[in-house]
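Sequence lines set the chain letters: A, B, ... in the order given, protein chains first and strands last, and positions in each chain run from 1. In this text the structure is predicted, and so the values were computed from the model without any measurement.
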2 protein chains.
Amino acid sequence: MSQAEMDQSEIKKGDTRPDTKQRILDAAEKLFAREGFHNTSLRAITGEAEVNLAAVNYHFGSKEALLDKVIARRLLPLNELRRTRLLRVREASRRENRRPRVEETLRAFIEPTMRFRDSEPGADDFMSLIGRALSEPDDTVRKIFITHIKSIFYLLYETLCNALPDISKEVIFWRLQFSIGALSHILRTVGRFELSHFPEGVNPAPDTDAMLTMLVPYLVQGMEAH
Amino acid sequence: MSQAEMDQSEIKKGDTRPDTKQRILDAAEKLFAREGFHNTSLRAITGEAEVNLAAVNYHFGSKEALLDKVIARRLLPLNELRRTRLLRVREASRRENRRPRVEETLRAFIEPTMRFRDSEPGADDFMSLIGRALSEPDDTVRKIFITHIKSIFYLLYETLCNALPDISKEVIFWRLQFSIGALSHILRTVGRFELSHFPEGVNPAPDTDAMLTMLVPYLVQGMEAH
DNA sequence: GTCTATAGATTGATAGAC
DNA sequence: GTCTATCAATCTATAGAC
């Protein structure tokens, strides 16, 4: 009877169609990333997901609650990856009785972030979305995002303060803001530029490794500037 | 009866009320910056400006054309400032038969940009708006902005290539993107953060000089990293 | 140039049949 | 859980009186 129970809610045996909730989340993620939250209607989402208009409010309650689920679905696991790596950096520095290094600290945050883009289908749209979340003028998107990012940001900030004892906490804070700005700009634009804006000879869409190779030394040098 | 005529349309001698067009531009700038383009209705704009709803379409033709004027009104003079300073850097380097320095090149672009915020009332809203323009997901805002920024961006890029002969043009291009990301993040967030997000002891709204003192060395070191 | 009034389209959300 | 039908609110834009 386990089979019947599964169909209760309800996926047919041979049916490979993901369930409605997933389809809505996928469609919303894509459209919020590409068109913006306020510029995406529920009708556009349910059309893309090929589900009924009323399904959004049935499954999520409101457009805003849907946005929260779209963000949480991927950001919670991503934050776990970043937290694990940051804690490992701190642990290693304590064990070896030295300060954390700036480069390993920044990498612990940035590498999982940028590699996440390649990890699952749809994650690239998600990265555009969170790359833009901080710059949303309207509270709706920004507040939901900040709720989910706050604690990992402080962990990163504290580790950097530990790594850079000769630089004031205020300067470290703002340099970290500069770095977040650079990272989020890249997250939301790579692969989405209009080609016409590129000087000749510049690859408009470097892969993740190439981007890390350019980004990390840039950020490390900036953070360490005297 | 002169009173009646004044209300007719027409600005009287002693009337200090800016004309309708200005009032609409000011209101639109403020609301586009704080609420976003799609999240700002014409009713909100005409309400803030205390003019009639129909005035926007009479004076500007459409909401989109209004946005273009809001951006052009301040960006054209700002671009002139930046262009003049960049050309002066290039001229000085040619005269002294040396390469432009990275710091003076970046300053030529960044100082006018950040000081513009303090230059006139309303300019702070404008800086938030253009700080966010590049990250708009929707074409409307971004395309209008890119139209106005393209040529000055290339001038900056070429001068940097000239200043950094040992770094590949591709790397310079992306490092410039990182720098633009850092700058625009700061432009749109300074003074607009929620206070609760600040670690103790960090000034949530440094003035322009303090910010330049922190930002310029960060960007210079990043651009010059080997 | 300014105003009222409204057209015409679209929105988020919901009620109720199945 | 899914669907149709629709409400009530909102939007941009415009026509036409003054």
- Take the protein atom CD1 of A/Ile24 and the nucleotide atom C1' of C/dA13, then report the distance between them rounded to whole Å. 14 Å

- Query: Once you round it to whole Å, what is the distance between P of D/dT2 and CZ of A/Phe60?
  - Reply: 11 Å

- Task: Let me know the distance between CD1 of B/Ile45 and C1' of D/dT10, rounded to the nearest Å.
- Result: 15 Å

- Of all heavy-atom pairs linking A/Met223 and B/Tyr218, the shortest is N-CE1, 3.8 Å

- So the salt bridge (Lys or Arg N to Asp or Glu O under 4.0 Å) pairs with at least one residue in residues 178-190 of chain A (sequence neighbours excluded) are none

- Item | Interatomic distance where CG belongs to B/Asn39 and P belongs to D/dC11 [whole Å] | 9 Å

- Atom NZ of B/Lys63 and atom P of D/dA13 are separated, to the nearest Å, by 8 Å

- Task: Take A/Leu53 and B/Ala55, find for each the nucleotide of DNA chain C with the closest heavy atom, and name the residue whose nucleotide sits nearer the 5' end.
- Result: B/Ala55

- Please state how far atom CG in A/Leu42 lies from atom C1' in D/dT4, giving the value in whole angstrom units. 17 Å

- Message: Please report the distance, rounded to the nearest Å, between CD in A/Glu50 and P in D/dC3.
- Response: 11 Å

- Query: For the pair made of CG in A/Asn57 and C1' in C/dT14, what is the distance, rounded to whole Å?
  - Reply: 8 Å

- Think B/Thr20 has a side-chain N or O under 4.0 angstrom from the OP1 or OP2 of C/dT2? yes

- Query: Between B/Thr159 and B/Thr105, do the side chains contain an N or O donor and an N or O acceptor separated by less than 3.5 Å?
  - Reply: no

- Message: Under 4.0 Å, counting only non-hydrogen atoms across every strand here, what does B/Thr40 touch: a base, just sugar-phosphate, or nothing?
- Response: sugar-phosphate

- A/Ser41 side-chain N/O to C/dT11 phosphate OP1/OP2 under 4.0 Å: yes

- Message: Is the distance between the ring centroids of B/Phe178 and A/Phe178 under 6.0 Å?
- Response: no

- Report yes if at least one side-chain N or O of A/His38 is closer than 4.0 Å to OP1 or OP2 of C/dT11; otherwise report no. no

- Considering only side-chain heavy atoms of B/Ala54, which listed nucleotide, C/dG1, C/dT14, C/dC3, is closest? C/dC3

- B/Asn52 side-chain N/O to C/dG1 phosphate OP1/OP2 under 4.0 Å: no

- Determine, for A/Phe126 and A/Lys30, whether the Lys NZ or Arg CZ falls below 6.0 Å from the six-membered ring centre while staying within 45 degrees of the axis. no

- Query: Pick the nucleotide of DNA chain D nearest each of A/His59 and A/Arg43; which residue has the one closer to the 5' end?
  - Reply: A/His59

